[in-house]
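I have placed the structure first, in the form of structure tokens, so that the comments after it can refer back to it.
Computation of the quantities below employed the complete heavy-atom set of this structure, encompassing side-chain atoms and omitting hydrogens, waters and symmetry-equivalent molecules. Every number for a ligand or one of its atoms is a count from 1 in the order of the listing.
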Amino acid sequence: MSANNIPYKIYLNESELPKAWYNLRADMKNKPAPLLNPGTHAPMTAQELSGVFCEELVRQELDETTPYFPIPQEIQDFYKMYRPSPLVRAYCLEQKLQTPAKIYYKFEGNNTSGSHKLNSAIAQAYYAKQQGLKGVTTETGAGQWGTALSMACSYFDLDCKVYMVKVSYEQKPFRREVMRTYGASVTPSPSLETQVGRKILAEHPGTTGSLGCAISEAVEVATSTEGYRYVLGSVLNQVLLHQSIIGLETKAALDKYGIQPDMIIGCAGGGSNLGGLIAPFMGEKLRGEADYRIIAVEPASCPSFTRGKYAYDFCDTGMVCPLAKMYTLGSGFIPAPNHAGGLRYHGMSSTLSQLYADGLMEAVAVPQTEVFQAAETFARVEGILPAPESSHAIKVAIDEAIQCRETGEEKTIVFGLTGTGYFDLVAYEKFHNGEMSDYIPTDEDLQASFDKLPKF
Ligand SMILES: *Cc1c(COP(=O)(O)O)cnc(C)c1O
């Protein structure tokens, strides 16, 4: 197809929209390692998991053979508000970089939560409602997940209790008000409402909280309150399954115009947007039908793939959650204050971890100031203020496009633009004032944390 028959932004018609999520694990020869019970070290059973998570979500979590899960009609109806998301040709960026590469990005920031997280929030809220629950609990750090879940819960008339890391609660009061607009209750964590919160406050009086601590509070409330379950916004297989909508739409849009990508790039925190974006492409790769370079981008301050250990570890700091085998920096690892809050998790999705261990994808770690330089370049020529997390993918897409300029190769690059950065302006301010740091952990820092990995 000639270039001028391809729209600048590719949308899909209703008949072209994906009607089922794709479960990448079905095509993996080496399946991701199972979650283990932290007490017995035996694989977690559906029954054990269903005390914490909704039943249907447990079924999705444990299913590694069914390739497609039909998307319930109610969820497809909700998608009409903000999907399909556009696949945009970054003409102005290509021009700016003077590159022969063709750059496309899939933009997930077109909803109030400002990120892709709404894709899994709406699915998890739907199954909670189906099960007849009263509500759900969760934690949020930077606030995107809490906002997305609040939106999804208000749509299905479910109660939503969000434990927000205290430092974010204080620094991002606007996020909190968005969540309250959607009817959620937002509690700074650690709080006096839970046993674990009271214990942590007694031991560390002025603590500003952490994600691990907020998870422990949200899990305690879910498991001790009738009609409630806990939901999580990343890392889990079920979240990757819901996020496959990103990749399925991307693939449908590319196929519609006969565009064959050479590489697919995404930022990786817990791995959900990347796992979703690459799902159908990785599926083709696993089945031997096509080949792509697939690149995960992580912060140099929290380098789980590039410097982590592939081992069983706790998913939370409170060590109450199941053990997962993943690339990890250790559940006690506290990354330096990095402004990409969504990429500060110590571990990585067990599905992506297995694919990385099998050499099916690459990973790159990038320092923060270079990420913000890329963010600024992008904002100036593409008109979108990107989230710091998303800007990790922008940084590597730009690097690859510059490489193409040097070699003269006309490669097609697709990257995931996961969200917008309107609540991250303090980070942009630090960058503009030249006050941004690039702390990279030393080998000794990491070793101290690896020494505390569970041994068995
Ligand atoms: C949460 C978040 C991420 C990282 O989470 P993943 O599960 O790795 O996708 C990336 N970008 C944005 C905008 C986010 O909110």
Aromatic rings Y22 and Y68: how do their planes relate, parallel, tilted or perpendicular, breaks at 30° and 60°?
tilted
Within-cut-off N or O pair, E389 and ligand 1, under 3.5 Å
no
Within a distance under 4.0 Å of any heavy atom of G269, pick out the atoms of ligand 1 and give their elements.
8 (O)
Go through ligand 1 atom by atom and flag the ones less than 4.0 Å from a non-hydrogen atom of C267.
10 (C)
Between T418 and ligand 1, does any nitrogen or oxygen pair lie at a separation below 3.5 Å?
yes
Do you know which of Y8, Y104, Y105 makes ring pair (Phe, Tyr, Trp, His ring centres under 6.0 Å) with Y91?
Y8
Side-chain donor/acceptor of S449 to backbone N/O of D445, under 3.5 Å:
no
Which atoms of ligand 1 have any heavy atom of K117 under 4.0 Å away?
1 (C), 2 (C), 3 (C), 14 (C), 15 (O)
Which one holds for S272 and ligand 1: side chain close, backbone close, both close, or neither close, with close meaning a heavy atom under 4.0 Å?
both
Of all protein heavy atoms, the one nearest atom 5 (O) of ligand 1 is G342 O, 3.9 Å
Pair T194, E217 - check side-chain hydrogen bond (donor to acceptor under 3.5 Å, both in side chains), show working.
CA-CA 6 Å; T194 63; E217 286 202 274; 2.6 Å; yes
Heteroatom proximity flag, L274 to ligand 1, N/O under 3.5 Å:
no
Quick one: does any side-chain atom of K411 pair with a main-chain N or O of A401 as donor and acceptor, under 3.5 Å?
no
Sub-4.0 Å atoms of ligand 1 with respect to non-hydrogen atoms of S115:
13 (C), 15 (O)
Counting from 1, what ligand 1 atoms have a heavy atom of S234 closer than 4.0 Å?
6 (P), 7 (O)
Where does H116 meet ligand 1, judged by heavy-atom distances below 4.0 Å: at the side chain, the backbone, both, or neither?
side chain
Parallel, tilted or perpendicular: ring planes of Y356 versus F305, cut at 30 and 60 degrees
tilted
D262 side chain to I413 backbone, donor-acceptor under 3.5 Å
no
Taking only non-hydrogen atoms of L343 and a 4.0 Å limit, the atoms of ligand 1 in range are 4 (C)
When only distance counts, is G271 in polar contact with ligand 1, meaning an N/O pair under 3.5 Å?
yes
Any side-chain to backbone donor/acceptor pair from E55 onto Q131? Under 3.5 Å, distance only.
no
Give me the ring orientation class for F53 and Y230: parallel if the planes are under 30° apart, tilted from 30 to 60°, perpendicular past 60°.
tilted
Is ligand 1 under 4.0 Å from a heavy atom in the side chain of Q243, in the backbone, in both, or in neither?
neither
